Amino acid sequence: MLKVLQHPLITHKLTQMRKKETKTKDFRQNLDEIAGLMAYEITRDLPMKDVEIETPITSFTTQEMEKDIVLVPILRAGLGMVNGISNLIPTVKIAHIGLYRDEETLEPHTYFEKYPKKVSDAIVMIVDPMLATGGSAIAAIDMVKKQGAKNIRLVCLVGAPEGVHAVEEKHPDVDIYLAALDEKLNEHGYIVPGLGDAGDRIFGTQE
């Protein structure tokens, strides 16, 4: 299921990121802040369990999170969303998936994988700022499913309809969360209007 998180703060910060004159520092800061705002919305339905605690006044039955959360950034651009989410949820465990996209075929290729234990019992959030063709997202979902993950959420900043459709077709059980659904892909596989190459803008490696 696709969920576009429409919130004035998210839209405002994303607008700053889209501007071509926005420099690396401000681009990175706005991405951190949007990731945190998105995490707040995405975690609304987390399963909870009852616990008995002692407050300074009395004993009290309340609730805390029942499952671990595993954050899976798709390298390298996905790293830009880690701080914003982990600041809100400091107990997250962080996996890494290294993928690069062939510039001609646009197909993803894997170069790195590392997971914490017990991924199968956790809520897994795959993060990547851009959902363009959907190839990298589909490959990442395939990989975490091979680790036994069952509750998977794909969290992206900006998506194209082509990428959303591709993920929904291959993995209809995975919820997709976007800050914005853009118009289309261009002939080079870039999202229009988009915000350029997210990895280059996060890490300051623009030509």
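These figures come from a predicted structure and were not determined experimentally.
Between Ile74 and Ser136, the shortest heavy-atom contact is CD1-O, 4.0 Å. In plain terms, the two heavy atoms of Thr91 and Met65 that are nearest each other are OG1-CE, 4.0 Å. In plain terms, the two heavy atoms of Pro193 and Asp182 that are nearest each other are CD-OD2, 3.5 Å. Heavy-atom minimum distance, Arg28 versus Phe203: NH2-CA, 4.0 Å. In terms of heavy atoms, His171 sits closest to Ile138 at NE2-O, 3.7 Å.
Between Asp32 and Lys13 no salt bridge is recorded (no basic side-chain N to carboxylate O distance below 4.0 Å). Salt-bridge check for Asp68 with Lys117: failed, with every basic side-chain N at 4.0 Å or more from each acidic carboxylate O. Using a 4.0 Å cut-off between a side-chain N of Lys or Arg and a carboxylate O of Asp or Glu, Arg76 and Asp200 qualify as a salt bridge.
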Going through the distances and angles, do Tyr177 and Leu5 end up as a side-chain contact (heavy atoms from CB on, under 4.5 Å)?
CA-CA 7 Å; Tyr177 295 86; Leu5 304 179; 4.3 Å; yes
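Using a 4.5 Å cut-off on side-chain heavy atoms (C-beta onward), Val127 and Ile85 make contact. You'll find the side chain of Leu14 reaches within 4.5 Å of the side chain of Leu195, heavy atoms only. At a threshold of 4.5 Å between non-hydrogen side-chain atoms, the residues Thr22 and Arg201 count as touching. A 4.5 Å side-chain heavy-atom check between Leu71 and Lys93 finds every atom pair outside the cut-off. Considering only heavy atoms from C-beta on, Met125 stays 4.5 Å or farther from Val72 through its side chain. Side-chain contact between Val164 and Ile176 is present, with at least one heavy-atom pair separated by less than 4.5 Å.
Here the side chain of Glu41 pairs no donor or acceptor atom with the backbone of Leu37 at under 3.5 angstrom. Between the side chain of His7 and the backbone N or O of Leu9, at least one donor-acceptor pair lies under 3.5 Å.
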